> 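To start, I am sharing the structure in question, which I have written as structure tokens.
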2 protein chains.
Amino acid sequence: MLSESVKDCIRALVYLALNEDKKYLSVKEIASNLNLPFFFLAKNIQKLVKDDILESYRGPKGGITFKKPLEQIKIIDIVKSIDGDHLFRKCILGFEECSDENPCAIHRKWVPERERIKNMFSCNLKEIVEEVKSGKNIKL
Amino acid sequence: MLSESVKDCIRALVYLALNEDKKYLSVKEIASNLNLPFFFLAKNIQKLVKDDILESYRGPKGGITFKKPLEQIKIIDIVKSIDGDHLFRKCILGFEECSDENPCAIHRKWVPERERIKNMFSCNLKEIVEEVKSGKNIKL
DNA sequence: AGAATTTAAGATAAAATTATCTTAAATTTG
DNA sequence: CAAATTTAAGATAATTTTATCTTAAATTCT
């Protein structure tokens, strides 16, 4: 469903959002706190920087931070940036040209679900952070 | 979401279901009609035979057929047989120990969707075949 | 019995994904 | 300015998934 890369990035961004007060957070710190492989995370984070979700700063005291308010960053943006948008767009049987006019055998069942998934991933980081802050036993 | 193997198998089984009148259908015929790689399909079909979804017969006039009535074969059985059941069971962020008591940050949003997906895949082949037979422009 | 057909099973190969490393560039601090 | 820190970018390696091939076994038909 989601690639390892995306899972790591979502966790990293939730962690980052919980520490929004600090100006920049180093990828190293995030990786070590979430127990993620540093090089792998760093590479994936780069894509988010390119796609204007994060902004980075080199040097000591450097690191990453959000480029826009948490309310404007949706989980789906992270997924699209790393994995692309095929999950929210493509036929579940893999047909390139599957559509309402020319459906595959499962099209009518799948499309509504796909829309719901898209909708679920459209929640923003602010929402999630609020839930994490207020909830109990929530792991990052 | 679904592996190539599962997609192939679902298509193959819908095709097989549409030709249920013939006693056995050879994998070769299915592969060539659906434009699927024969060796790849054959290998995956074997898993379905092992899991008692299909039954096979060797020799000329041999091939595969269903081991039980179409009503009793659900799409989810095919998916589980080929890809396993992680899609219907696992945490979307990949935590092994994610649960209601110990949820990840997206758990509450994901679980209901996962249930819906599970439910969608619980439709049986009979339903799908009926829809294909009655519908227009449905591709296999 | 012999030839042809078809699945079974496992070996091998190719491609894609995931993971790691290396070097470079930017920045801060002393 | 020099040393330390941190991201940037791309090369390399390991693993997993997907695809192909080879040989064997079962069956049918003549």
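The structure presented is a predicted model; accordingly, all values stated were derived computationally and were not measured.
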> Please answer: with hydrophobic residues joined when any side-chain heavy atoms are less than 4.5 Å apart, are B/Ile128 and B/Leu70 in the same cluster?
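Linked within one cluster.
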
> Closer than 3.5 angstrom, by distance alone: can the side chain of B/Asn102 be matched with the main-chain N or O of B/Ser99 as a donor-acceptor pair?
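No.
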
> Expressed as a whole number of angstroms, how long is the span from A/Ile64:CD1 to C/dT27:C1'?
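Roughly 17 Å, once rounded to whole Å.
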
> Are any of the side-chain heavy atoms of A/Leu54 and A/Leu13 separated by less than 4.5 Å?
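They are in side-chain contact.
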
> For atom NZ of B/Lys118, decide whether the heavy atoms of other residues, nucleotides or ligands shown that lie under 6.0 angstrom number more than 12.
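Count not over threshold, so no.
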
> Could you identify which residues of residues 55-63 of chain A place a heavy atom less than 4.0 Å from some atom of DNA chain C, listed by residue number, or say none?
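Contacting residues: A/Tyr57, A/Arg58, A/Gly59, A/Pro60, A/Lys61.
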
> Let me know the distance between CG of B/Leu48 and P of C/dT7, rounded to the nearest Å.
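My rounded result for the distance is 14 Å.
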
> Could you pull out the closest heavy-atom pair between A/Trp110 and A/Cys91, with the gap in Å?
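Distance-wise, the nearest heavy atoms are NE1-C, 4.4 Å.
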
> Salt bridge or not for A/Glu127 and B/Lys109, using N-O below 4.0 Å?
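B/Lys109 and A/Glu127: salt-bridged.
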
> For a quick test of reading the model, state the closest non-hydrogen atom pair linking B/Leu87 to A/Met1 and the distance between them.
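Scanning both residues, the minimum pair turns out to be CD1-SD, 4.1 Å.
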
> Quick one: B/Lys47 NZ to C/dA8 P, roughly how many Å, whole number?
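Interatomic distance, NZ of B/Lys47 to P of C/dA8: 14 Å.
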
> Got a sec: does the NZ of A/Lys68 have more than 12 other heavy atoms crowding it under 6.0 Å?
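Yes, because the 6.0 Å sphere around NZ of A/Lys68 holds more than 12 heavy atoms from other groups.
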
> Tell me, for nucleotides 10-20 of chain C in 5' to 3' order, what letter each nucleotide earns: B for a base near a protein heavy atom under 4.0 Å, S for only sugar-phosphate near one, - for neither?
BB------SBB

> Rounded to the nearest angstrom, tell me the gap between atom NZ in B/Lys7 and atom C1' in D/dT17.
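That distance rounds to 12 Å.
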
